Amino acid sequence: MPSPVPAAAYHLSPDETEALDFYGRNSNPTWRRLEAALAELEGAATALTFGSGMAAITSVLRVLAKRGTKLIVPADGYYQVRRYAAEYLAPQGVTVVEAASAAMCDASKDADVVLAETPTNPGLDVVDLHQLAMHCRSRGATLVVDNTTATPLGQQPLSLGADLVVASATKGLSGHSDLVAGYVAGSHPELMEAVARERLLAGPILGAFEAWLVLRGLGSAGLRFERQSQNAQALAVMLRSHPAVRSVRYPGLPDDPSHRIASQQMKRFGGLVGVELDSAEAVHALVQRSALLISSTSFGGIHTSVDRRARWGDSVSEGFARISLGIEDIDDLIADVEQALG
Ligand SMILES: *Cc1c(COP(=O)(O)O)cnc(C)c1O
């Protein structure tokens, strides 16, 4: 794989028809390799990289959500998306409606733009994307799906009818907890051109080195995601029968409320498990007594990590934690978590 190429920031080709690499904010060869790979993974015609997941999401929202439009965002999804919609888009004249993921279709009746997230972060509810896409299509609304938690290795929202995918590559896709990145993928040429134009003019771009790191990480993404999903399934099964655990959410558990739809639209159920313990102290004690668990708010890395979401203001109980499974030996991990739960 060639080294990162930060584009010809200071050199113009004497060939004046050269369109792409005239300046590093427009495109560069490393982005294009990564974008080709992301488009292929998502089943999209094209993809565009961004400096973060939020940069990708907010760029799409600036393109689609204009004054007078109605935008639906998940009330139970990634919290900073709601914050952006409320603090920036609403004052610009966008009607912002927060809807529970379980009620996205009902809330989307007269919407212009619908942003869905599935499985939701952190609650791990699953939205029926095919149903929502048909609903949006019949009403002329644009459906944007945040594919961060599932990654394209877990599901392909475009094949289920979404118009655009937005995602953070900071998490499972890059997988080594050492960079921040995002992307948009889609197959409508005018929509993708408008997003590319927004990126050029607003400038929320990814550094060439980070793009190169994501590209390098993609080589092992399949192995990592497979292992994380297997580890998550095994941990969820153990946690469910542990006396110190109040409840467990994992779309791969046959009796999980999301299992039926998840089985229809996901290839793998992913590496995130939601667990509810008795209190915040119980979550702290779990991490302290464990030799393998680390405390971290990001997720999708190779080490298993725990985030108590109430600390960030999510409407979950004090003892709710999102566990992101790493690629450790599962017997080691189960033994460690069992002893740490006491
Ligand atoms: C982390 C996350 C984001 C934001 O991505 P950044 O790369 O941190 O900007 C968006 N959506 C979901 C579901 C996330 O988990």
Side-chain angles (χ1 to χ4, degrees), residues 34 38 42 47-62 71-89 98 100-101 104 114-127 129 144-155 157 162 164-185 199 202-207 210-211 213-214 217 225 228 232 249 251 258 266 269-274 296-301 305-309 311-314 316 320-325:
L34 175 59
L38 292 169
E42 291 285 0
L48 294 162
T49 60
F50 283 83
S52 68
M54 284 306 292
I57 295 166
T58 58
S59 296
V60 163
L61 292 180
R62 283 193 300 278
L71 165 71
I72 314 292
V73 294
D76 47 357
Y78 188 65
Y79 71 116
Q80 290 190 329
V81 171
R82 286 196 298 282
R83 293 273 62 79
Y84 181 81
E87 291 172 28
Y88 179 84
L89 296 175
E98 295 183 8
S101 290
M104 272 276 152
V114 177
L115 176 68
E117 183 182 310
T118 180
T120 54
N121 175 12
L124 302 181
D125 276 322
V126 170
V127 177
L129 287 180
V144 181
V145 175
D146 184 328
N147 205 23
T148 304
T149 54
T151 85
L153 299 161
Q155 76 193 0
L164 284 178
V165 160
V166 292
S168 170
T170 309
K171 321 287 174 48
L173 208 58
S174 64
H176 291 79
S177 318
D178 54 7
L179 60 86
V180 175
Y183 68 91
V184 177
R199 184 181 68 177
I205 60 162
L206 185 63
E210 280 78 4
L213 278 177
V214 178
F225 196 68
Q228 288 168 334
R249 286 300 305 269
S258 292
M266 299 183 79
F269 298 117
L272 296 179
V273 173
S296 151
T297 191
S298 193
F299 60 89
S305 61
V306 177
D307 193 21
R308 195 180 69 80
R309 291 304 302 183
R311 70 184 291 192
W312 304 108
D314 283 346
V316 290
F320 174 87
R322 188 194 59 212
I323 302 184
S324 168
L325 276 294

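Source: prediction; values computed, not measured. Order of listing sets the numbers, starting from 1, for every ligand and every atom in it.
- Residues Ser296 and Ser298 have side chains that never bring a donor and an acceptor to within less than 3.5 angstrom of each other.
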Please produce the table of protein N or O atoms sitting under 3.5 Å from N or O atoms belonging to ligand 1, one pair a line, distance to 0.1 Å.
residue, atom, partner, partner atom, Å
ligand 1, 5 (O), Ser168, OG, 3.2
ligand 1, 7 (O), Gly53, N, 2.8
ligand 1, 7 (O), Ser168, OG, 2.7
ligand 1, 7 (O), Thr170, OG1, 2.6
ligand 1, 9 (O), Gly53, N, 3.1
ligand 1, 9 (O), Met54, N, 2.8
ligand 1, 11 (N), Asp146, OD2, 2.7
ligand 1, 15 (O), Asn121, ND2, 3.0
ligand 1, 15 (O), Lys171, NZ, 2.9

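- No side-chain donor-acceptor contact under 3.5 Å links Asn121 and Thr149.
- With sequence neighbours left out, Tyr84 forms a ring pair (Phe, Tyr, Trp, His ring centres under 6.0 Å) with Tyr88.
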Full working for side chain to side chain contact (heavy atoms under 4.5 Å, CB included) between Leu272 and Gln228: CA-CA 8 Å; Leu272 296 179; Gln228 288 168 334; over 6 Å; no
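- Among residues two or more places apart in sequence or in another chain, the salt bridge (charged side-chain N to carboxylate O under 4.0 Å, His left out) test is passed with Arg62 by Glu198.
- Evaluation of the ring pair (Phe, Tyr, Trp, His ring centres under 6.0 Å) rule for Phe225 yields no partner, not counting sequence neighbours.
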